[in-house]
Amino acid sequence: MAELVALSADTLDAAYSVHCTCQSFPWSKNTFADGLSAPYFSYVITAGNDVQGYYLCHQVLDEVTLMDVGVVPSARGQGLGKQLLLHVISESAKRAASMIFLEVRASNHTAVSLYQACGFSHIDVRKNYYPTASGREDACIMRLALTAR
Ligand SMILES: CC(C)(COP(=O)(O)OP(=O)(O)OC[C@H]1O[C@@H](n2cnc3c(N)ncnc32)[C@H](O)[C@@H]1OP(=O)(O)O)[C@@H](O)C(=O)NCCC(=O)NCCS
């Protein structure tokens with residue numbers, strides 16, 4: 001059964017490997033490790049001893065930004081991404097946040113569907129924000145207001 005636990009020094013390497021399988025332009029390990037401490041909060045989802053997914057959030061006052069979320073390819077389509085997102089929302093509410101923001105590649109229809117299923121709405125577009133193998137692509141900015149829920 002999947003369990004959510006705070007990212008720690010013990011799970012950092014495994015979570016970073018999942019990040020590297022999930023992102024075409026992964027962060028450095030040091031950047032990912034920033035997720036271990038404030039102003040970040042980060043969780044992994046595990047099955048047994050295996051890290052199957054993670055998320056990293058950054059909080060400033062009552063605004064949380066979901067910096068990254070990923071599920072290992074072999075465990076996708078089983079509800080783990082949604083479990084992670086629902087945890088982002090409940091943890092943000094617990095931390096007295098009123099808004100959650102995120103940016104997502106316009107071509108990432110899977111992630112956009114997940115965010116919409118969890119109540120996020122499109123609020124803006126950053127043109128040519130992300131690098132791609134062949135150039136640049138837009139970022140969709142999405143927001144969830146917690147106070148209106
Ligand atoms: C996005 C991601 C985290 C989803 O994880 P997941 O565990 O497969 O997602 P779930 O099984 O919980 O599915 C949740 C919802 O996502 C959407 N979704 C999942 N797989 C999908 C697919 N292949 N196509 C379209 N929508 C899909 C659906 O809305 C789904 O809800 P539903 O099952 O009620 O229809 C995963 O695909 C991933 O790690 N992708 C690579 C990293 C990434 O793009 N991260 C986002 C960065 S902004």
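Please read all numbers here as calculations on a predicted model, not as lab measurements. Every number for a ligand or one of its atoms is a count from 1 in the order of the listing.
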Within less than 4.0 angstrom of ligand 1, does Y115 place any heavy atom? yes

Heavy-atom distances under 4.0 Å are what count here, so tell me which part of R105 touches ligand 1: side chain, backbone, both or neither. neither

Just go through L86, T21, L84, V69 and tell me whose heavy atom is the nearest to atom 45 (N) of ligand 1. V69

For atom 5 (O) of ligand 1, closest protein heavy-atom neighbour: G81 CA, 3.6 Å

What is the nearest protein non-hydrogen atom to atom 4 (C) of ligand 1, stated with its residue, atom name and distance? L114 CD2, 3.9 Å

Could you tell me whether a side-chain N or O of E91 sits under 3.5 Å from a main-chain N or O of A93, the two making a donor and an acceptor? no

Return a yes/no value for Q83: is any of its N or O atoms, backbone included, closer than 3.5 angstrom to an N or O of ligand 1? no

Does the protein put any heavy atom within less than 4.0 Å of atom 37 (O) of ligand 1? yes

Between the side chains of D13 and K29, is the shortest nitrogen-to-carboxylate-oxygen separation below 4.0 Å, so that they form an ion pair? yes

With the side chain counted from C-beta on, respond yes when R105 and S24 share a heavy-atom pair under 4.5 Å apart, and no when they do not. yes

Atom 30 (C) of ligand 1 touched by protein heavy atom at under 4.0 Å: no

Geometric class of the W27/F32 ring pair [parallel <30°, tilted 30-60°, perpendicular >60°]: tilted

Among all protein heavy atoms in this structure, tell me which lies nearest to atom 27 (C) of ligand 1, with the distance rounded to 0.1 Å. T110 CG2, 3.6 Å

Can you find an N/O atom of A75 closer than 3.5 Å to an N/O atom of ligand 1? no

Shared hydrophobic cluster, V88 / L146 (ILVMFWY, side-chain heavy atoms < 4.5 Å): yes

On a heavy-atom basis, I'd like to know which of R76, K82, M142 is closest to atom 40 (N) of ligand 1. R76

Closer than 4.0 Å and a protein heavy atom, does any atom meet both conditions relative to atom 33 (O) of ligand 1? no

For atom 42 (C) of ligand 1, which candidate among G77, A139, C22 provides the closest heavy atom? C22

